[in-house]
Engineer: 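To start, I am sharing the structure in question, which I have written as structure tokens.
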Amino acid sequence: MDIVTSAATYMQLNARLLDRYRFEALFRNGDRRRVLDALRAYQNHDGGFGNALEPDLRGPGSQPEPVEVAFHILDELDAFDDPMVNGACAYLGNVCRPDGGVPFVLPSVRDTPRAPWWQTDDDPPGSLVPTASIVGLLHKHRGRHPWLQRATAFCWSAIAAIKDETSPYEARAVVLFLESVADRERAEAEFARLKEAILATVALDPDTPGAAHFPLDFAPAPMRLPLFGQEVIERHLDALVAQQKDGGWGFNWPAWTPAVQTEWGGHITVERLKTLRAYGRI
């Protein structure tokens with residue numbers, strides 16, 4: 001049984017409806033409108049997304065991080081002309097800090113079930129996670145919302161403040177921003193300056209245990225600002241194929257409540273298949 005056929009069975013047995021529709025649209029010529037309709041159900045009246053679109057945030061209310069999840073799905077469908085985008089940008093403009101950056105998570109998270117790492121101060125600052133990823137995706141699709149200019153300025157300022165160290169999630173957000181932002185000369189200069197700090201957050205051994213971040217997490221498709229040589233990419237693609245179990249892929253952070261096991265599993269299985277296809281493995 002080939003990789004995609006095996007994954008189809010896994011998705012039918014495990015994945016939530018949204019991710020089943022994503023799989024069908026991306027790998028079985030399914031109707032992409034069904035994905036958009038399913039995604040729309042996660043968007044709130046304020047324009048933000050919640051309702052466990054990001055499985056570790058179980059509450060119904062909007063948070064910045066689920067907007068990133070939604071934008072990645074819209075990106076894979078090339079659907080940034082959908083009205084969900086402007087609604088989400090309006091929400092982000094309303095919850096951002098004065099410098100334009102949105103916080104990692106808002107204090108309202110305290111009133112809802114969530115994974116233990118979703119913690120925040122009473123007055124959280126803007127954060128590159130998820131601001132830089134969201135802004136990068138908007139630039140990729142030539143977004144024009146008024147919030148984007150302020151948020152882009154925030155990202156440049158916050159990236160300039162990174163010196164010798166960063167964290168894996170911040171590094172991944174920075175990479176996505178620098179891949180897509182319009183000012184290519186500035187992006188290339190910052191990428192060159194930060195490349196070693198970014199690489200220091202990457203687990204190059206595919207057998208690294210724990211919540212490690214691997215090359216294909218940073219480069220799920222070929223990059224124009226390449227972090228890794230082809231030999232590294234091929235080694236990790238081989239490992240990715242070998243890690244498929246019962247048709248799907250798991251994750252390497254704690255499953256703190258039973259629902260996230262399958263919800264993340266379906267989401268990540270679609271992501272892994274997208275990566276394998278982007279590099280010509282399926």
Engineer: Answer whether the closest heavy-atom distance between the side chains of Lys195 and Ile198 falls below 4.5 Å.
Structural biologist: no
Engineer: Can Leu13 be reached from Trp264 by stepping across I, L, V, M, F, W or Y side chains whose heavy atoms are under 4.5 Å apart?
Structural biologist: no
Engineer: Would Asp19 and Lys274 count as a salt bridge (charged side-chain N to carboxylate O under 4.0 Å, His left out) here? Give the steps.
Structural biologist: CA-CA 13 Å; Asp19 295 316; Lys274 286 164 53 181; over 6 Å; no
Engineer: For Asp99 and Gly101, indicate whether the former's side chain and the latter's backbone hold a donor-acceptor pair under 3.5 Å.
Structural biologist: yes
Engineer: Taking Gly47's backbone N and O only, do any of them form a donor-acceptor pair with Asn44's side chain (distance below 3.5 Å, no angle check)?
Structural biologist: no
Engineer: Would the distance check show the side chain of Lys163 and the main-chain N or O of Ala160 forming a donor-acceptor pair, the cut-off being under 3.5 Å?
Structural biologist: yes
Engineer: Work out which heavy atom in His267 is nearest to a heavy atom in Val69; give both atom names and the distance.
Structural biologist: CE1-CG1, 4.2 Å
Engineer: Please answer whether the main-chain N or O of Arg33 pairs with a side-chain N or O of Asp31 as donor and acceptor at a distance below 3.5 Å.
Structural biologist: yes
Engineer: Check whether Thr112 reaches the backbone of Val109 with its side chain - one donor and one acceptor, N or O, closer than 3.5 Å.
Structural biologist: yes
Engineer: Run the ring-centre check on Phe104 versus Trp118 and record whether the distance is less than 6.0 Å.
Structural biologist: yes
Engineer: Which atom pair, heavy atoms only, marks the closest approach of Leu106 to Pro64?
Structural biologist: CG-CD, 3.9 Å
Engineer: Within the 4.5 Å heavy-atom criterion, are Thr152 and His139 side-chain neighbours or not?
Structural biologist: yes
Engineer: Between Asp56 (side chain) and Ala115 (backbone), is there a donor-acceptor pair under 3.5 Å?
Structural biologist: no
Engineer: Are side-chain heavy atoms of Ser127 and Val102 found at a separation under 4.5 Å?
Structural biologist: no
Engineer: Report yes or no: does Thr257 contribute a side-chain atom to a donor-acceptor pair with the main-chain N or O of Ala259 at less than 3.5 Å?
Structural biologist: no
Engineer: Have Asn86 and His145 got a donor and an acceptor in their side chains that come within less than 3.5 Å?
Structural biologist: no
Engineer: Is a donor from one side chain sitting under 3.5 angstrom from an acceptor on the other, for Trp147 and Asn94?
Structural biologist: no
Engineer: When you measure from the centre of the six-membered ring of Phe23, is the NZ or CZ of Arg28 closer than 6.0 Å and no more than 45° off the axis?
Structural biologist: no
Engineer: Evaluate the criterion salt bridge (charged side-chain N to carboxylate O under 4.0 Å, His left out) for residue pair Arg281 and Glu234; output intermediate values, then yes/no.
Structural biologist: CA-CA 10 Å; Arg281 290 296 188 99; Glu234 293 297 332; 2.7 Å; yes
Engineer: Would you mind reporting whether Val270 and Met11 have side-chain heavy atoms less than 4.5 Å apart?
Structural biologist: yes
Engineer: Would a hydrophobic clustering, with Ile, Leu, Val, Met, Phe, Trp and Tyr connected at side-chain separations under 4.5 Å, put Phe214 with Leu240?
Structural biologist: no
Engineer: Mind checking the CG-CD spacing from Leu194 to Glu170? Nearest 0.5 Å is all I need.
Structural biologist: 9.0 Å
Engineer: Compute the centroid of each ring, for Phe71 and then for Phe80, and state whether the two points are separated by less than 6.0 Å.
Structural biologist: yes
Engineer: Please report the closest heavy-atom contact between Arg20 and Ala15, naming both atoms and the distance.
Structural biologist: CD-O, 3.3 Å
Engineer: In Å and rounded to the nearest 0.5 Å, what is the CG to CG distance from Leu53 to Leu18?
Structural biologist: 6.5 Å
Engineer: Using modelled atom types and a 3.5 Å cut-off, is there a donor and acceptor pairing between side-chain atoms of Gln244 and backbone atoms of Gly247?
Structural biologist: yes
Engineer: Does a side-chain heavy-atom distance below 4.5 Å link Val202 with Leu204?
Structural biologist: yes
Engineer: Nearest 0.5 Å, please: how far is CG in Leu57 from OG in Ser62?
Structural biologist: 11.0 Å
Engineer: Evaluate the ring planes of Phe218 and His213, with Trp represented by its six-membered ring, and classify them as parallel (under 30°), tilted (30 to 60°) or perpendicular (over 60°).
Structural biologist: perpendicular
Engineer: Are any of the side-chain heavy atoms of Arg172 and Leu176 separated by less than 4.5 Å?
Structural biologist: no
Engineer: With salt bridge (charged side-chain N to carboxylate O under 4.0 Å, His left out) as the test, would you mind laying out the steps for Glu263 and Arg58 before giving the verdict?
Structural biologist: CA-CA 11 Å; Glu263 290 187 4; Arg58 306 303 300 176; 2.8 Å; yes
Engineer: Which atoms form the tightest heavy-atom contact between Ala221 and Ala278, and what is the distance?
Structural biologist: CB-CB, 3.8 Å
Engineer: Does Arg40 use its side chain to pair, donor to acceptor, with the backbone of Met84 at less than 3.5 Å?
Structural biologist: no
Engineer: Please find the pair of heavy atoms, one from Ala197 and one from Asp164, that lie closest to each other, and give the distance.
Structural biologist: CB-O, 3.6 Å
Engineer: Does either side chain, that of Asp111 or that of Ser108, offer a donor lying less than 3.5 Å from an acceptor on the other one?
Structural biologist: no
Engineer: I need the Leu39 CG to Leu74 CG distance, nearest 0.5 Å.
Structural biologist: 5.5 Å
Engineer: Mark yes or no for whether Ser157, through its side chain, and Ala153, through its backbone, hold a donor-acceptor pair below 3.5 Å.
Structural biologist: no
Engineer: Heavy atoms only: give me the nearest Arg32-Leu26 pair and the separation to one decimal.
Structural biologist: NH2-CD2, 4.0 Å
Engineer: Side chains of Pro116 and Trp256: closer than 4.5 Å at any heavy-atom pair?
Structural biologist: yes
Engineer: Side chains of Leu128 and Thr166: does their closest heavy-atom pair fall under 4.5 Å?
Structural biologist: no
Engineer: To the nearest 0.5 Å, what is the distance between CD (Glu179) and CE (Met223)?
Structural biologist: 4.0 Å
